[in-house]
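Working notes, structure below.
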Number of protein chains: 2
Amino acid sequence: MNSNDLLKSHGLRVTAQRSLIINIFQDFGYAVSNKDILDKLPKDFDRVTLYRTLKSFEDKGLLHVIPDPEGEAKYALCNHDHTHAHGHDHSHAHFKCTQCHKVICLPDHHEPQVKIPSGYTLDKVIALATGTCDQCS
Amino acid sequence: MNSNDLLKSHGLRVTAQRSLIINIFQDFGYAVSNKDILDKLPKDFDRVTLYRTLKSFEDKGLLHVIPDPEGEAKYALCNHDHTHAHGHDHSHAHFKCTQCHKVICLPDHHEPQVKIPSGYTLDKVIALATGTCDQCS
DNA sequence: CTGTGTGCAAACACTTTGCAGGTGT
DNA sequence: ACACCTGCAAAGTGTTTGCACACAG
């Protein structure tokens, strides 16, 4: 989907800055940090706009945040259609390659499994796996 | 184990500030953020000392860091003996209760499982599960 | 036209660094 | 005695807020 349609379908206005940011996400193809994006943006791009843009993208479910144990949080576009009626909060797993440091979002059928003690109920699981990706092994 | 022995056994010097911080961790009994600790410390406690203390505790393996998707990173004492010869980096799962917001560190036999695509090799997995704990359900 | 988005400046919050003096072993 | 730890000040970095103007719908 192109950037304009992505924006419209999430109830966001189409502006040059937003399209730019979406294109950068798509070019990367994997999860990136705030800084990664800023580096690809024209050097006079306003930092505040980036903060606000990422926040509204997140609010509207256009992207999601991946916490990274050793490093800053990463953002990724939600291509896998999060429009289930019952909320956008299903389990998710991400994979970080220790060689190339890329973070990818694993497909939904690779949902993480965790056993929890009795008396507890499980809602969702967010997992970050590390290892070597197919390119680097 | 008392705070002094914990410090000594990790090659750290025993000081009033460090014992204080360890006691706070033990009082909480679950994973807490930098701010949680600071709030329990005397109001004139130096923030810089806390930063440095947490860092050296982490370096020495006395505590570990839990990334939190919605919130700041949390720290937890490593009671389950991380002194395997082959590094402290095994998989770990943590559980955050959506009611009371406590974060606990799940026992080692609850290691998270993730299936990864072929061509990839898996090193370790860090998982954060959310749901309801036994106290809140 | 109206509400949203942008850019700038400034405020704010968080973290790190340098250094002098204090403390544990 | 020596290395490590602490506290203060200051610098550095990252993030948020307020406001005036621009722009998409």
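Here is how names work: the chains are called A, B, and so on, in the same order as the sequence lines, proteins then strands, and each is numbered from 1. Every value quoted in this text rests on a predicted model; they were computed, and no experiment measured them. The analysis underlying the following values was restricted to heavy atoms, covering all of them including side chains, and did not include hydrogens, waters or symmetry mates.
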key: Rounded interatomic separation in angstrom, taking NZ from A:Lys55 and P from C:dG5   = 14 Å

message = Can you measure B:Lys35 atom NZ to C:dC14 atom C1' for me and round it to whole angstrom units?
response = 12 Å

ask   = Ignoring hydrogens and geometry, is there a side-chain-to-backbone donor-acceptor pair from A:His10 to A:Leu6 under 3.5 Å?
value = yes

request  = Under the ring pair (Phe, Tyr, Trp, His ring centres under 6.0 Å) rule, collect the residues that match up with B:Phe25, sequence neighbours excluded.
outcome  = none

request  = Classify the side chain of A:Arg52 versus the base of C:dG7 as yes if they form a donor-acceptor pair under 3.5 Å and no if they do not.
outcome  = yes

task = Hey, could you give me each pair passing salt bridge (charged side-chain N to carboxylate O under 4.0 Å, His left out) that has a residue in residues 39-60 of chain A? Not counting sequence neighbours.
result = A:Lys35-A:Asp39

query = NA contact type, A:Val48, heavy-atom cut-off 4.0 Å: base, sugar-phosphate, or nothing?
reply = base

query = Between C:dG24, C:dG7, C:dC14, which one does the side chain of B:Arg47 approach most closely?
reply = C:dC14

ask   = Between A:Thr49 and C:dG5, does any side-chain N or O lie under 4.0 Å from OP1 or OP2?
value = no

query = For DNA chain D, which nucleotides open and close the run of contacts to chain A, 5' to 3', at under 4.0 angstrom from a non-hydrogen atom?
reply = D:dG14 to D:dG25

key: Under 3.5 Å donor-acceptor, B:Thr53 side chain and B:Arg18 backbone   = no

ask   = Taking NZ from A:Lys43 and C1' from C:dG7, how many angstroms apart are they, rounded to a whole number?
value = 17 Å

task = Please work out if B:Ser56 contacts a base, only the sugar-phosphate, or nothing of the nucleic acid, heavy-atom cut-off 4.0 Å.
result = nothing

key: Most 5' of B:Arg13 and A:Thr15 on DNA chain C, judged by nearest nucleotide   = A:Thr15

request  = Check for a donor-acceptor pair, side chain of B:Gln17 on one end and backbone N or O of B:Phe45 on the other, with a separation under 3.5 Å.
outcome  = no

request  = Would you please test B:Cys133 and B:Phe95 for side-chain contact (heavy atoms from CB on, under 4.5 Å) and show each step?
outcome  = CA-CA 8 Å; B:Cys133 74; B:Phe95 183 91; 4.2 Å; yes

request  = Using atom NZ of A:Lys8 as one end and atom P of C:dT4 as the other, report the distance to the nearest whole Å.
outcome  = 18 Å

note = Tested for side chain to side chain contact (heavy atoms under 4.5 Å, CB included) against A:Leu77, the lone hit among A:His64, A:Gln26, A:Met1 is A:Gln26

key: Given DNA chain D, 5'-ward residue of the pair B:Leu12 and B:Asp44, judged by closest heavy atom   = B:Leu12

ask   = When the distance from CG of B:Leu38 to P of C:dC14 is rounded to whole Å, what number comes out?
value = 9 Å

query = Please give, in whole Å, the distance from C:dG7 C1' to A:Leu41 CG?
reply = 14 Å

inquiry  = Using whole Å, what does the distance between atom P of nucleotide C:dT23 and atom CG of B:Leu7 come to?
reply    = 18 Å

ask   = Roughly, in whole Å, what's the span from NE2 in A:His10 to P in C:dT4?
value = 18 Å

